[in-house]
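Notes for the one structure printed next.
The analysis underlying the following values was restricted to heavy atoms, covering all of them including side chains, and did not include hydrogens, waters or symmetry mates. Throughout, a chain's letter reflects where its sequence line sits, starting with A, and its residues are numbered from 1.
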Number of protein chains: 2
Amino acid sequence: MSTPDEVDEVVAAWQRERPDVDVSAMHVLSRISRLARHLDRARKQAFATHGLETWEFDVLSALRRAGKPYQLSPGRLVAETMVTSGTMTNRVDRLVERGFVERRADPDDRRGVRVCLTASGRRTVDAALVELLEHEREILSALDPTRAAQVADALRTLTRSVRS
Amino acid sequence: MSTPDEVDEVVAAWQRERPDVDVSAMHVLSRISRLARHLDRARKQAFATHGLETWEFDVLSALRRAGKPYQLSPGRLVAETMVTSGTMTNRVDRLVERGFVERRADPDDRRGVRVCLTASGRRTVDAALVELLEHEREILSALDPTRAAQVADALRTLTRSVRS
DNA sequence: CCAAACAATCTCGACATCAAGATTCTTGAC
DNA sequence: GTCAAGAATCTTGATGTCGAGATTGTTTGG
């Protein structure tokens, strides 16, 4: 292994204090959690250039990648972004204020709503995506492509494991 | 690759909508973020058995693994847990209320404070650790040990990459 | 066709977090 | 010794999220 990091120190400390417990799982799982927090910060930085918050990008990008006509129900957005329905109501409200989305009635279900990306929202999210990926490729360049693919595959397996 | 997951769908959608952008970095980085959120939920579940919140465990475990006499400064706890100083003040307040820690004056620096784990706090965090690791080993069992070690190593590399 | 179960969205209050700044104390240069 | 710079902690106000429940509309079994 290369230079020790924070997680190596945490694991070493636990082994000293609790030699009766096998903490080796932390080498993978704690590292994922900590790395995710670092990635959040990096993303926040990347979006700041475009005056976007991370949560705004999360919603706008879900609409963008849905393809034309760039509209999804709040429920669908909840599923895509892993937040609660109350949170999504709040997010959509603020995105409407900023002029990035519009709320329209669902013609087929009077309970339903469609959240639609505006032209302004689309331009913004398109630019932010490019910026984000430049940063992400930079970060990921620390891994050669073969290894990156192996890691992606392992993470896919883990995701299935934790969800069941 | 095994069965496609949410990230595979997201990447495929982006490739359809933005064929001009290379989104392959998401296979690793988005998966890390999403997996971290799933892990948070799993941890929350594990701690609920012991009446602990995740943030409580984060603080108590930092104190516990520091070893005897189980005390650290707020500043040190901030560094260990990746939160701001204001957050830590609040957390320590509430842990004092629950009787899991005590605040004592630092004898060498009158600005300083030492946050000390109580016997009750120690019992609780020790039990929660065992529970947490049982769950984590279960999740990680989806990967054979060799692969897990490779992933840990790659994540260590990525952490260094994102921090610089 | 009615009632009950179900579904989609929104409302509301509690709560945890952050960022910036205030407070109190320490240290080092002169 | 004193003063300015720095350090450790706490305070405050704004913000975003969650969870539970309310509202409105749809579906289905009898």
message: Side chains of T87(B) and T84(B): any donor to acceptor distance under 3.5 Å?
response: yes

message: Need one value for R114(B): base, sugar-phosphate or nothing, where a base atom within 4.0 Å counts as base even if backbone is also close, heavy atoms only.
response: nothing

message: Heavy atoms only, 4.0 Å cut-off, all strands: where does N90(A) land among base, sugar-phosphate and nothing?
response: base

message: If you define the side chain from C-beta out and look only at heavy atoms, does anything of V130(A) sit under 4.5 Å from D126(A)?
response: no

message: For R91(B) and T87(A), find the nucleotide of DNA chain C closest to each by heavy atoms; which residue's nucleotide sits nearer the 5' end?
response: T87(A)

message: Is K44(A) close enough to dC18(C) that one of its side-chain N or O atoms is under 4.0 Å from OP1 or OP2 there?
response: no

message: Please tell me if R111(B) has a side-chain N or O lying less than 4.0 Å from either OP1 or OP2 of dG6(D).
response: no

message: Under 6.0 Å from the ring centre and within 45 degrees of the ring axis: does the NZ or CZ of R64(B) meet both conditions for the six-membered ring of W14(A)?
response: no

May I have the distance from [X] (atom [atom1]) to [N] (atom [atom2]), rounded to whole angstrom?
{"X": "R94(A)", "N": "dT17(D)", "atom1": "CZ", "atom2": "C1'", "answer": "9 Å"}
{"X": "M88(A)", "N": "dT11(C)", "atom1": "CE", "atom2": "P", "answer": "15 Å"}
{"X": "R110(A)", "N": "dT26(D)", "atom1": "CZ", "atom2": "P", "answer": "5 Å"}
{"X": "D93(A)", "N": "dC12(C)", "atom1": "CG", "atom2": "C1'", "answer": "13 Å"}
{"X": "E53(B)", "N": "dT17(C)", "atom1": "CD", "atom2": "C1'", "answer": "14 Å"}
{"X": "D40(A)", "N": "dT17(D)", "atom1": "CG", "atom2": "P", "answer": "11 Å"}
{"X": "R104(A)", "N": "dA8(C)", "atom1": "CZ", "atom2": "P", "answer": "21 Å"}
{"X": "Q71(B)", "N": "dA8(D)", "atom1": "CD", "atom2": "P", "answer": "17 Å"}

- line: On DNA chain D, more 5' by nearest nucleotide between D109(B) and D109(A) is D109(B)

query: In Å, rounded to the nearest 0.5 Å, how long is the span from CG of D40(A) to CD1 of I32(B)?
result: 11.5 Å

- line: Between the OH atom in Y70(B) and the CD atom in E17(A), the distance rounded to the nearest 0.5 Å is 5.0 Å

task: Answer yes when D93(A) and R98(A) have at least one side-chain N-carboxylate O distance shorter than 4.0 Å, and no when they do not.
output: no

message: Assess whether a salt bridge exists between R43(A) and D58(A), defined as any Lys/Arg side-chain N lying under 4.0 Å from an Asp/Glu carboxylate O.
response: yes

- prompt: Near DNA chain D, which residues from residues 72-86 of chain B have a heavy atom under 4.0 Å away?
  reply: S73(B), P74(B), G75(B), S85(B), G86(B)

